[in-house]
J.: 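Starting off with a structure, shown below.
Everything quoted here is computed from the prediction, not taken from an experiment.
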Amino acid sequence: MARINSRKSGKSFSRCAVAVIASALVGVSAGAASADSIHWRHLPATTKHAPTARNLAAAATPTNAANPVFPLIGVDSANKVWAYGPNGTGGLTPREATEGTFPDLSADAFVDNDADGYLDGEWQWSANGQLDYYVNSDVPKPIGGGWNMYDKVLSPGNLGGAQGYDIVARDATGVLWLYLGYGDGTVTSRIKVGGGWDAYTQLAGKGDLDGDGKADLVARDTAGVLWFYKGTGNYNAPFAPRTRIGSGWNMFDTLVSSGDVDLDGKTDLIAREPNGNLWLYKGTGNAAAPYQARVQIGYGYDVYRLMTS
């Protein structure tokens with residue numbers, strides 16, 4: 001597994017990064033063969049000979065750059081990191097533990113910079129404001145400091161029209177900023193998206209919700225209404241005016257997207273209730289009604305202080 005140095009504690013911790021094991025992919029499509037496991041880069045030694053995610057899923061499901069497949073990550077109260085993958089039947093695999101603990105981890109974001117639908121790198125933000133990037137190395141590439149000025153940071157995908165993933169970040173005054181990614185982890189100077197984003201208690205996105213091939217974003221306001229921000233592909237105005245999805249979303253304390261969970265080629269949304277129940281909102285590809293009715297895919301997820309992808 002890769003390592004990350006904690007600048008705050010001076011100790012070295014294992015990072016989850018792209019070390020994820022997903023169990024059997026069964027019945028993804030008619031006639032699809034079952035397999036022992038799907039997994040990503042940096043596998044534990046006991047599973048290094050299992051089929052790779054790229055070879056297995058590419059043959060079984062129409063995964064693509066617009067609707068990627070990423071792991072779901074949970075960090076528990078002991079700062080242990082756990083990873084989940086799609087199980088091939090619309091749910092998640094049993095969790096896979098990573099080495100070490102992450103006391104300083106604020107969040108991370110997996111990226112698909114080569115546009116093949118699978119992760120190939122990871123940004124990681126620490127509580128002290130440091131942004132690092134990992135790809136094909138156990139050593140982080142320092143990107144910059146000062147990121148603790150933001151109360152929400154995520155990478156929904158390619159927002160600016162290039163191939164590499166981009167970052168959106170909200171500051172304490174409610175202004176949303178866009179950082180265009182170069183594909184090697186480095187980013188441009190920030191571009192102002194607009195103000196008023198402190199109206200939202202949750203932001204989530206990882207891929208395309210309306211079928212136009214551009215990454216989108218969803219946002220929940222303080223009244224519990226969920227809003228859809230359609231991606232434009234124009235970095236000067238990355239989102240179209242918002243449209244309402246529905247109300248009642250205050251029942252959830254966490255919204256996160258790990259891309260295409262049910263492997264049907266459409267991006268989905270995961271929602272957690274305070275009691276730990278986990279729900280999947282399957283994507284429809286229709287901007288007017290981007291999600292199907294929710295389906296419960298787990299319970300006990302209240303053990304995590306942070307969930308990300």
Side-chain angles (χ1 to χ4, degrees), residues 1-2 4 14-25 28 35-44 47-48 50-58 60-61 63-65 67-76 79-100 102 105-114 116-125 133-136 154-157 165 204-207 254-264 266-272 278 280 283 297-298 300-301 303-309:
M1 295 250 183
I4 180 170
S14 296
R15 69 181 181 92
C16 60
V18 289
V20 181
I21 303 259
S23 59
L25 177 63
V28 172
D36 293 334
S37 63
I38 314 176
H39 64 87
W40 286 267
R41 185 168 69 79
H42 290 301
L43 298 177
T47 58
K48 284 184 178 178
T52 64
R54 180 174 287 103
N55 293 337
L56 181 58
T61 183
T63 299
N64 52 54
N67 300 285
V69 177
F70 286 88
L72 176 67
I73 301 301
V75 183
D76 65 23
N79 296 312
K80 183 74 175 178
V81 175
W82 303 85
Y84 300 82
N87 65 6
T89 60
L92 300 174
T93 62
R95 66 182 188 175
E96 176 75 13
T98 64
E99 297 177 4
F102 290 69
L105 179 62
S106 297
D108 68 347
F110 297 118
V111 298
D112 170 29
N113 282 328
D114 63 3
D116 68 350
Y118 301 99
L119 65 92
D120 50 43
E122 179 196 15
W123 276 307
Q124 200 171 84
W125 296 269
Y133 183 70
Y134 292 86
V135 60
N136 296 323
L154 72 157
S155 178
Y165 268 40
K206 186 73 77 174
T254 299
L255 300 178
V256 61
S257 176
S258 59
D260 181 11
V261 177
D262 62 349
L263 304 178
D264 68 348
K266 298 181 178 67
T267 294
D268 309 310
L269 183 68
I270 293 172
R272 184 185 69 178
L278 201 69
L280 178 66
I297 57 172
Y301 284 78
V303 298
Y304 299 122
R305 67 171 178 83
L306 170 69
M307 295 185 71
T308 184
S309 181

J.: List the atom of D112, the atom of G117, and the distance in Å for their closest heavy-atom pair.
T.: OD2-N, 2.8 Å
J.: Before you tell me yes or no, could you show the steps for Y301 and L92 under side-chain contact (heavy atoms from CB on, under 4.5 Å), namely the whole-Å CA-CA distance, both residues' side-chain angles and the distance that decides it to 0.1 Å?
T.: CA-CA 12 Å; Y301 284 78; L92 300 174; 3.8 Å; yes
J.: For G91 versus I297, what's the shortest heavy-atom pair and its separation?
T.: CA-CG2, 4.2 Å
J.: To the nearest 0.5 angstrom, please state how far the CG atom of D262 sits from the CG atom of N87.
T.: 10.0 Å
J.: Between the side chain of T93 and the main-chain N/O of G85, is any donor-acceptor distance below 3.5 Å?
T.: yes
J.: Can you find a pair of side-chain heavy atoms, one from Y304 and one from D76, that are under 4.5 Å apart?
T.: yes
J.: Give the minimum heavy-atom separation between V111 and S155, together with the two atoms involved.
T.: CG1-OG, 4.1 Å
J.: When you measure from the side chain of D268 to the backbone N and O of S258, does any donor-acceptor pair fall under 3.5 Å?
T.: no
J.: Work out which heavy atom in Y118 is nearest to a heavy atom in D114; give both atom names and the distance.
T.: O-OD1, 4.3 Å
J.: For a quick test of reading the model, state the closest non-hydrogen atom pair linking A97 to K80 and the distance between them.
T.: CB-CE, 3.9 Å
J.: Run the side-chain hydrogen bond (donor to acceptor under 3.5 Å, both in side chains) test on T267 and N67 for me, step by step, so that the C-alpha distance in whole Å, both residues' side-chain angles and the decisive distance to 0.1 Å come before the verdict.
T.: CA-CA 5 Å; T267 294; N67 300 285; 3.0 Å; yes
J.: Is there a side-chain contact (heavy atoms from CB on, under 4.5 Å) between R305 and N79? Walk through the geometry before answering.
T.: CA-CA 8 Å; R305 67 171 178 83; N79 296 312; 2.9 Å; yes
J.: At what distance, to the nearest 0.5 angstrom, does CE of M307 lie from CG of L72?
T.: 4.0 Å
J.: What is the ring orientation for F110 with F70, classed by angle as parallel under 30°, tilted 30 to 60°, or perpendicular over 60°?
T.: parallel
J.: Of all the heavy-atom pairs spanning L278 and R272, show the shortest one and how long it is.
T.: CD1-CB, 3.8 Å
J.: Rounded at 0.5 Å granularity, tell me how far CH2 in W82 sits from CD in E96.
T.: 8.5 Å
J.: Could you check whether any side-chain N or O of S257 sits under 3.5 Å from a backbone N or O of A204, counting only pairs where one atom can act as donor and the other as acceptor?
T.: no
J.: Rounded to the nearest 0.5 Å, what's the gap from CH2 on W125 to CG on D108? Could you check?
T.: 7.5 Å
J.: In sequence, state the C-alpha distance, the side-chain angles, and the governing distance for I270 and L255, and then conclude on side-chain contact (heavy atoms from CB on, under 4.5 Å).
T.: CA-CA 6 Å; I270 293 172; L255 300 178; over 6 Å; no
J.: Would the distance check show the side chain of D120 and the main-chain N or O of N113 forming a donor-acceptor pair, the cut-off being under 3.5 Å?
T.: yes
